[in-house]
Peer 1: 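Below you will find the structure I want to go over with you.
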Amino acid sequence: MISLLAVLIKKDELQIPDPNLDKDLLTSVLEIVFGVIAVVAVIFIIISAIRYQTTIGDPAATSKLRNTIIYAAIGLTVALSAEAIIQFVIVKI
């Protein structure tokens, strides 16, 4: 049965995916995703730092903005670490 099926299907008609193409596509998509995450985190840090400088007198606002800066920095670190780990794994595949 399998040999009959192999005879009926021509080799050129088979659409076998190229694993290198999939790796390149995955790498490109992940670079874009992690790049966007990094840009958003940096924007949050810059905006929060500017607002932090303007709200020195209000302790509640100062605390909230300080936490925003810390969380954005943690997010940036996680995104960069995730990208490095994924790049390492993709190279090893």
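Atoms considered below: every heavy atom in the structure, side chains included; atoms not considered: hydrogens, waters and symmetry mates.
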Peer 1: What closest approach, in Å, do Ala72 and Ile45 show between heavy atoms, and which atom pair accounts for it?
Peer 2: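 It is CB-CG1, 3.5 Å.
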Peer 1: What about Ile37 and Tyr71, same hydrophobic cluster or not, with Ile/Leu/Val/Met/Phe/Trp/Tyr joined at side-chain heavy-atom distances under 4.5 Å?
Peer 2: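 No, it is not one cluster - the side chains of Ile37 and Tyr71 are not joined through contacts under 4.5 Å.
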Peer 1: Report yes or no: do Val29 and Ile86 belong to one cluster of Ile/Leu/Val/Met/Phe/Trp/Tyr joined by side chain heavy-atom distances under 4.5 Å?
Peer 2: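 Hydrophobic grouping puts Val29 with Ile86.
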Peer 1: Walk me through whether Gln87 and Thr27 qualify under side-chain contact (heavy atoms from CB on, under 4.5 Å).
Peer 2: CA-CA 7 Å; Gln87 290 296 329; Thr27 302; 3.4 Å; yes
Peer 1: Do Leu26 and Val33 sit in one hydrophobic cluster, given that two such residues count as connected whenever their side-chain heavy atoms are within less than 4.5 Å of each other, even indirectly?
Peer 2: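 As far as the 4.5 Å side-chain criterion goes, Val33 and Leu26 are connected within one cluster.
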Peer 1: Is there a path of hydrophobic side-chain contacts, each under 4.5 Å between heavy atoms of I/L/V/M/F/W/Y residues, joining Val42 to Ile70?
Peer 2: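 In one cluster: no.
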Peer 1: With a 3.5 Å distance limit and no angle check, can you tell me whether Ser63 reaches the backbone of Ala60 through a side-chain donor-acceptor pair?
Peer 2: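 Pair absent, no side-chain N/O of Ser63 close to backbone of Ala60.
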Peer 1: For Thr68 and Phe44, indicate whether the former's side chain and the latter's backbone hold a donor-acceptor pair under 3.5 Å.
Peer 2: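 Not confirmed, Thr68 side chain does not pair with Phe44 backbone.
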Peer 1: According to a 4.5 Å side-chain heavy-atom criterion applied to Ile, Leu, Val, Met, Phe, Trp and Tyr, with indirect links allowed, do Ile90 and Ile32 form part of one hydrophobic cluster?
Peer 2: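 In one cluster with Ile90: Ile32, no.
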Peer 1: So, taking the atom named CD in Glu83 and the one named CZ in Phe88, what distance separates them when rounded to the nearest 0.5 Å?
Peer 2: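 Those atoms lie 15.0 Å apart.
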Peer 1: NZ/Lys64 to CD1/Ile69 distance, rounded to the nearest 0.5 angstrom?
Peer 2: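 These two atoms lie 13.0 Å from each other.
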Peer 1: For Leu80, which of Thr77, Leu76, Val78 qualifies under side chain to side chain contact (heavy atoms under 4.5 Å, CB included)?
Peer 2: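 Passing option: Leu76.
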Peer 1: For a quick test of reading the model, state the closest non-hydrogen atom pair linking Leu65 to Tyr52 and the distance between them.
Peer 2: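 Taking every non-hydrogen atom into account, CD1-N, 3.5 Å.
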